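Working notes for the structure below.
Atom set for the values below is all heavy atoms of this structure, side chains included, hydrogens, waters and symmetry mates excluded. Numbered from 1 within each chain, the chains take letters A, B, ... in sequence-line order. Given the structure is predicted, the values throughout are model-derived calculations rather than measurements.
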Amino acid sequence: ETGVTQTPRHLVMGMTNKKSLKCEQHLGHNAMYWYKQSAKKPLELMFVYSLEERVENNSVPSRFSPECPNSSHLFLHLHTLQPEDSALYLCASSMTGGSYNEQFFGPGTRLTVL
Amino acid sequence: DAKTTQPNSMESNEEEPVHLPCNHSTISGTDYIHWYRQLPSQGPEYVIHGLTSNVNNRMASLAIAEDRKSSTLILHRATLRDAAVYYCILRDNNNAGNMLTFGGGTRLMVKP
């Protein structure tokens, strides 16, 4: 498998459930990102991991908890979400350092919170 | 990062050139201009980037104004597969986290 993969592609959960989104990159990158894309809003950066250390937490509520066990995997743990958290969650990866490193995005997980 | 302004939507005919404008009047000297696009039901993908000189690659061309306060993404021959939302993004080269700030983008519609 190549590129950035995300599982599941679709998820429906209740407000009391706990679930996790998974992202895997096969590109040898050392930085990974979570973005949220709500309907009719721009993509919002949520978290950034560089060399497995979190370097950005963009004022995201604590009901979203990221985990980066190694440079190839990134998780987003979800608990007690709200209906307004329904959105497309996108993962991306890139190299860091150097003049420019493009980000490669996965296809996203479409999350619906009931 | 400095802000960009793009039209909400544009229309083009298939096989004709498309010029997608972007204004960035508050650009700083260390800001690179990037373009990404998001096809329907997919994550964004990189298109092109530049600093001062015009740039060409297999997907598109990027024309940058001499004062760098605006730029234009040029698709030389639009196809139906180019229908997407195109994002113009400024990124400070000193941005160690390689973070991107997306705006609303321009939704390009291509008519057959």
Inset, instruction - Look at B/Lys111 together with B/Glu11 and state whether they make a salt bridge at an N to O cut-off of under 4.0 Å. - result: yes
Inset, instruction - Write out, in numerical order, the residues from residues 8-17 of chain A with a heavy atom short of 4.5 Å from a heavy atom in chain B. - result: A/Arg9
Legend entry - Residues of residues 65-73 of chain A contacting chain B, heavy-atom criterion under 4.5 Å, by residue number: none
Legend entry - Portion of A/Leu43 that has a non-hydrogen atom of chain B nearer than 4.5 angstrom: both
Inset, instruction - Verify whether the ring centers belonging to B/Phe102 and A/Tyr35 lie closer than 6.0 Å. - result: yes
Legend entry - Aromatic ring proximity, centroids under 6.0 angstrom, A/His29 and A/Phe104: yes
Inset, instruction - Take A/Tyr89 and A/Arg110 through the test side chain to side chain contact (heavy atoms under 4.5 Å, CB included) and record every step on the way to the result. - result: CA-CA 6 Å; A/Tyr89 289 85; A/Arg110 173 72 60 187; over 6 Å; no
Inset, instruction - Show your reasoning for whether side-chain hydrogen bond (donor to acceptor under 3.5 Å, both in side chains) applies to A/Gln37 and B/Gln38. - result: CA-CA 12 Å; A/Gln37 188 170 34; B/Gln38 188 172 16; 2.9 Å; yes
Legend entry - Beyond-backbone contact of A/Phe64 with A/Phe47, side-chain heavy atoms, under 4.5 angstrom: yes
Legend entry - Geometric class of the B/Tyr46/B/Tyr36 ring pair [parallel <30°, tilted 30-60°, perpendicular >60°]: perpendicular
Legend entry - Residue pairs passing the salt bridge (charged side-chain N to carboxylate O under 4.0 Å, His left out) test where at least one lies in residues 36-57 of chain B, sequence neighbours excluded: B/Arg37-B/Glu45, B/Arg37-B/Asp82
Inset, instruction - Establish, from distance only, whether the side-chain atoms of B/Thr4 and B/Tyr87 form a donor-acceptor pair under 3.5 Å. - result: no
Review item, side-chain donor-acceptor pairs of residues 64-76 of chain B, under 3.5 Å, at least two apart:
from, atom 1, to, atom 2, distance (Å)
B/Asp67, OD1, B/Lys69, N, 3.0
B/Arg68, NH1, B/Asp31, O, 3.1
B/Arg68, NH1, B/Leu51, O, 2.5
B/Arg68, NH2, B/Ser28, O, 2.6
B/Arg68, NH2, B/Asp31, O, 3.2
B/Lys69, NZ, B/Ser25, O, 3.2
B/Ser71, OG, B/His24, NE2, 2.9
B/His76, NE2, B/Ser61, OG, 2.6

